[in-house]
There are 2 protein chains.
Amino acid sequence: MDARETILSTAMKLFGEKGFEGTSVRDIAKAADVNLAMISYYFGSKEKLFEHVVDYKSSSIRVVFAELAKSSISQIEKVDKIIDSYVERMFTNPQFHHLLHRELSLHQRPQMHDAITEILLRNVVTITGIIQSGIDSGEFKEVDTQLTIATLIGTINHLLISESMCRKLLHKSKDFNPFTSKKLKERVSEHLKQLMRSHLLINNKS
Amino acid sequence: MDARETILSTAMKLFGEKGFEGTSVRDIAKAADVNLAMISYYFGSKEKLFEHVVDYKSSSIRVVFAELAKSSISQIEKVDKIIDSYVERMFTNPQFHHLLHRELSLHQRPQMHDAITEILLRNVVTITGIIQSGIDSGEFKEVDTQLTIATLIGTINHLLISESMCRKLLHKSKDFNPFTSKKLKERVSEHLKQLMRSHLLINNKS
DNA sequence: TTTGAAATCAAACAAACGTTTAACTTTGCG
DNA sequence: CGCAAAGTTAAACGTTTGTTTGATTTCAAA
């Protein structure tokens with residue numbers, strides 16, 4: 001891996017763990033084992049580096065649900081697939097999602113704020129459409145579509161906020177790593193699917 | 001209001017908006033209209049000030065559910081009351097909850113991390129007990145108790161992460177302030193109550 | 001082997017940072 | 001009033017910050 005990519009992935013990790021302001025360019029240079037000046041050389045500035053990290057990673061997590069919406073399976077099965085996809089994505093890149101959500105909660109870089117809003121809202125339109133279709137066709141109850149989406153994303157996000165918090169909530173020992181646990185991933189998927197079936201389906205028998 | 005309290009509430013606001021590292025003591029002094037040295041004089045250091053803010057505010061949001069658990073209403077009604085209480089608390093202090101959750105997602109101040117974990121987990125035991133009682137008595141389905149709690153808190157938290165994000169999710173105009181909207185608060189309460197009734201109750205007819 | 005652009009480096013820069021100092025003012029009690 | 005404690009101030013402290021400089025090395029094409 002060349003210096004440029006090493007800097008990018010190291011910066012992602014440190015920004016995710018310690019925040020943008022909490023990470024100095026010297027921290028990054030030392031952790032990436034490159035000279036301090038290489039960061040300015042490749043990216044221009046610390047803030048530009050941050051933007052590159054977000055661009056770089058957000059393109060890699062881009063999942064398009066548009067085709068899913070058009071497929072011929074039932075709406076609740078589409079919801080299942082969206083849950084699997086979100087859980088997979090967020091458990092695979094927990095640090096990056098920390099970074100995105102933390103940046104959203106800050107009033108520091110308005111243009112970064114807008115860019116991240118756009119990334120996170122990218123699929124909301126599609127999901128809204130799926131739930132609305134279910135309601136219109138009589139498959140789903142008349143739920144609050146927008147808050148239902150908040151529940152989906154918020155549940156996963158809350159579990160990923162902190163490793164130790166998650167461990168304590170689940171009464172797990174210190175050697176349990178929530179973020180890499182396949183079992184937990186499946187458990188979260190299962191919980192959300194059951195939750196959404198109860199919440200959405202009419203005449204649900206579970 | 002005396003200087004000490006002005007510093008505390010100003011620091012709360014700025015830490016909430018810009019983060020701990022993103023806020024300088026000079027920012028706080030200027031916004032609070034006090035001399036820079038007053039912060040060291042009253043609190044010793046920036047980090048100690050931060051701890052005072054967390055202590056100060058966390059004591060004011062302390063809600064004890066223990067008595068609720070013992071009351072003689074049905075378990076689902078207890079869940080309703082917990083939802084109302086959480087929604088009220090988090091919508092009343094959104095900045096402070098930003099601060100808590102952001103600090104949880106950082107690897108910067110381990111002892112602050114532990115203190116906040118303790119604050120946030122304070123009522124989880126009680127809620128777990130209520131849901132478990134409902135399951136044992138046959139009132140509730142055998143759900144995943146711990147992830148159900150994550151859904152409750154995570155949903156509210158996700159809506160409060162960002163004003164503008166929330167506005168866009170709900171398709172509201174720029175003059176709509178999600179954090180002070182009584183309507184939104186009631187809408188979130190209503191959504192969560194319906195969600196939990198469908199999720200928890202056996203033979204639910206709604 | 002020569003050459004020139006790309007890559008890397010140690011060193012230095014000014015600005016911002018958290019904190020401390022020492023002098024000054026206000027306050028409340030004897 | 002007298003005076004000590006508490007409150008307040010401007011200035012300065014040393015460190016860390018992001019960034020830039022100019023010299024040096026690397027390395028593939030000529």
Side-chain angles (χ1 to χ4, degrees), chain A residues 1-57 99 102-103 106-113 115-116, chain B residues 1-57 99 102-103 106-113 115-116:
Chain A
M1 189 155 48
D2 66 350
R4 216 190 104 98
E5 276 189 65
T6 309
I7 292 171
L8 269 176
S9 64
T10 307
M12 208 282 282
K13 180 169 178 286
L14 291 183
F15 286 153
E17 286 177 358
K18 310 174 6 146
F20 179 76
E21 285 85 2
T23 307
S24 72
V25 291
R26 282 173 179 80
D27 288 340
I28 299 170
K30 182 172 280 185
D33 199 29
V34 300
N35 187 276
L36 175 60
M38 302 301 302
I39 290 170
S40 295
Y41 178 73
Y42 279 118
F43 301 100
S45 70
K46 184 188 177 186
E47 193 149 341
K48 292 260 183 64
L49 168 60
F50 187 54
E51 291 166 16
H52 273 92
V53 167
V54 173
D55 276 3
Y56 171 68
K57 262 288 169 182
L99 188 154
R102 189 184 306 127
E103 193 64 16
L106 292 172
H107 292 196
Q108 291 284 71
R109 288 161 286 278
Q111 101 184 39
M112 185 51 50
H113 191 108
I116 291 174
Chain B
M1 190 155 47
D2 64 351
R4 217 191 102 100
E5 277 187 64
T6 309
I7 293 171
L8 269 176
S9 65
T10 307
M12 207 283 281
K13 179 170 178 288
L14 292 184
F15 286 153
E17 287 176 359
K18 308 169 12 140
F20 179 76
E21 285 85 3
T23 307
S24 73
V25 292
R26 282 173 179 81
D27 288 339
I28 299 171
K30 181 171 280 186
D33 199 30
V34 301
N35 187 277
L36 175 62
M38 302 299 296
I39 290 170
S40 295
Y41 178 72
Y42 279 119
F43 302 99
S45 70
K46 184 188 177 185
E47 192 149 342
K48 291 258 182 66
L49 168 59
F50 187 54
E51 291 167 16
H52 272 92
V53 168
V54 173
D55 276 3
Y56 171 70
K57 263 287 168 182
L99 189 152
R102 190 184 306 127
E103 192 64 16
L106 293 172
H107 293 196
Q108 291 283 70
R109 289 160 285 278
Q111 100 184 39
M112 184 55 48
H113 191 106
I116 291 175

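Chain identifiers are assigned alphabetically (A, B, ...) following the order of the sequence lines, protein sequences preceding nucleic acid strands; residue numbering begins at 1 within each chain.
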For A/Phe20, is the NZ or CZ atom of A/Lys46 found under 6.0 angstrom from the centre of its six-membered ring and inside 45 degrees of the ring axis?
yes

Minimal non-hydrogen separation, A/Thr10 against A/Ala31, with atom names:
CG2-CB, 3.6 Å

Determine whether B/Tyr56 and B/Met12 satisfy the following criterion, side chain to side chain contact (heavy atoms under 4.5 Å, CB included), listing intermediate values before the conclusion.
CA-CA 10 Å; B/Tyr56 171 70; B/Met12 207 283 281; 6.0 Å; no

Within the sub-3.5 Å range, which N or O atoms of nucleotides 27-29 of chain D have a protein N or O partner, and how far apart are they?
none

Residues of residues 38-57 of chain A with any non-hydrogen atom less than 4.0 angstrom from an atom of DNA chain C: list those, numerically ordered, please.
A/Met38, A/Tyr41, A/Tyr42

Taken to the nearest whole Å, CZ/A/Arg4 to P/C/dA6 is 15 Å

Nearest-Å distance, CD1 (B/Ile7) to P (C/dT19)?
13 Å

Side chain proximity check, A/Ile28 to A/Leu49, heavy atoms < 4.5 angstrom
yes

Using a cut-off of 6.0 Å, state whether more than 12 heavy atoms not belonging to A/Asp33 lie near its atom CG.
no

Taking C-beta and beyond as the side chain, do B/Glu51 and B/Phe43 meet within less than 4.5 Å on heavy atoms?
no

Bending between helix ends of the helix from C/dT1-D/dA30 to C/dG30-D/dC1 [5 pairs per end, 10° resolution]:
0°

Going by salt bridge (charged side-chain N to carboxylate O under 4.0 Å, His left out), name the residues that satisfy it together with A/Glu47, two or more places apart in sequence or in a different chain.
none

DNA chain D-proximal residues of residues 10-37 of chain B, any heavy atom under 4.0 Å:
B/Arg26, B/Asn35, B/Ala37

Distance-only, no hydrogens or angles: does the A/Arg102 side chain make a donor-acceptor pair with backbone N or O of A/Gly16 under 3.5 Å?
yes

Would the number of heavy atoms belonging to other residues, nucleotides or ligands and lying under 6.0 Å from NZ of A/Lys18 be above 12?
yes

Which atom of B/Leu14 lies closest to which atom of B/Thr23, heavy atoms considered:
O-OG1, 3.2 Å

N/O donor-acceptor pair under 3.5 Å between A/Asp55 side chain and A/His52 backbone
no

A/Phe50 and A/Leu99: side chain to side chain contact (heavy atoms under 4.5 Å, CB included), yes or no, with the steps?
CA-CA 10 Å; A/Phe50 187 54; A/Leu99 188 154; 3.7 Å; yes

With sequence neighbours excluded, what pairs up with A/Gln108 under the side chain to side chain donor-acceptor pair (under 3.5 Å) test?
A/Glu21

